[in-house]
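Presented below is the structure to which this report refers.
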Protein chains: 2
Amino acid sequence: MRLSTKGRYGVLAMVELALHYGQGPISIKEISEKHNFSDSYMEQLFSALKNAGLVRSQRGAHGGYLLSRDPSDINVGDIIRALEGPIEVAECANKNENYECIKSLDCLTRGLWEDIRDSINNVIDHRSLRDLMENKSLER
Amino acid sequence: MRLSTKGRYGVLAMVELALHYGQGPISIKEISEKHNFSDSYMEQLFSALKNAGLVRSQRGAHGGYLLSRDPSDINVGDIIRALEGPIEVAECANKNENYECIKSLDCLTRGLWEDIRDSINNVIDHRSLRDLMENKSLER
DNA sequence: CTATAACCCAGCGGAATACTGGGAAATACA
DNA sequence: TGTATTTCCCAGTATTCCGCTGGGTTATAG
């Protein structure tokens, strides 16, 4: 039950961009050197983040990446889903109502997987990059 | 962010035992045939469940496994942790306070991983086998 | 023109996951 | 007493996925 490095590196990198927000682009090299990530691996993550519309890029010398909107407007869920796809604790939990296990015993556990998924989503969808910058926890 | 088959098969198998509670042992064969699991794989899971004290076994003909206590007294968290170890979303989230990342930027994300972990544990620790049998959701 | 960056794509090594197989020891029942 | 049935135990294996490497191309600043 672990997040892959994609999610972890990705969130970390995005926090980095957030801390620089409004101060021009940061290059992949800067980020990966700071955190000891592999350059080309980071590149792939940023490619996905860009496709998801979370960052903008600037090519060429002095180029790099920038957040595409305010840190308070990007939440961790956006980042993780861009990099890892939707949260899916067990296969069946994301299927539609007609999925075969609906009639079998499997269904006794299905609600459980859905609840776990929902609780994860609930955390990551209510935490913005700005919250992380300010080291804020979710008030509960 | 997926549970392994260990966790999924394991919970399912335990629900099966729960449905039979008080009616003698069920063999691995019965369970694995019903759900199309591999016999020997199931065997390994039950070995772990037994070590964790969640089931008792009865060897020989007409033997099998039984819950070691009432279904309402075994929760999903017990089962998943017995089979997969403790929930650990990111490495650092389960380290102690002195872990090195405490001073680095990593810490801005650490609370996040901990919150995700806690929210998962919160779900699985408040759902008993009896709840599953009765298809009860967590009231929220 | 040159250095520096993003971009793009293909492949690969290693670890973990999911599973197989064989042979023991215990128990029920004939 | 013997046989079928079951747990028990351990070792190996197939496969998948994760994390990463490497090659080259295109854009931009100075």
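Model, not experiment: these values are computed from the prediction. Proteins get letters first, then strands, A, B, ... in listed order; numbering begins at 1 in each.
For A:Q58, there are no side chain to side chain donor-acceptor pair (under 3.5 Å) partners two or more places apart in sequence or in a different chain.
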Could you go through residues 21-31 of chain A and list every donor-acceptor pair under 3.5 Å that involves a side-chain atom there, pairing it with any protein atom two or more places apart or in another chain?
unit_1	atom_1	unit_2	atom_2	d
A:Y21	OH	A:D70	N	3.4
A:S27	OG	A:E30	N	3.2
A:S27	OG	A:E30	OE2	3.4
A:E30	OE2	A:S27	N	3.1

*What string of B, S and - do you get for nucleotides 15-30 of chain C, 5' to 3', when a contact is any protein heavy atom under 4.0 Å?*
---SBBB---BBBSS-

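For the side chain to side chain donor-acceptor pair (under 3.5 Å) condition, no pair includes a residue of residues 6-15 of chain A, sequence neighbours left out. Within the structure, the salt bridge (Lys or Arg N to Asp or Glu O under 4.0 Å) test picks out no pair touching residues 49-62 of chain B (sequence neighbours left out).
With hydrogens and angles left out, the side-chain atoms of A:N75 and A:S128 include no donor and acceptor closer than 3.5 Å.
Whole-Å rounding puts the A:N51 CG to C:dA6 P distance at 15 Å.
Counting any heavy atom pair closer than 4.0 Å across all strands shown, A:Y65 reaches sugar-phosphate atoms only and no base atom. In this structure, B:K29 reaches neither bases nor backbone, as no heavy-atom distance under 4.0 Å exists between it and the strands shown.
Put simply, the residue from A:L112, A:I116, A:D115 that forms a side chain to side chain contact (heavy atoms under 4.5 Å, CB included) with B:V76 is A:L112.
Between A:I87 and B:R2, the closest side-chain pair of non-hydrogen atoms is not below 4.5 Å.
Interatomic distance, OG1 of A:T109 versus CG of B:L12, reported as 5.0 Å (0.5 Å rounding).
Boundaries of the chain B contact region on DNA chain D are D:dT5 to D:dA11, first to last in 5' to 3' order (nucleotide atom under 4.0 Å from a heavy atom).
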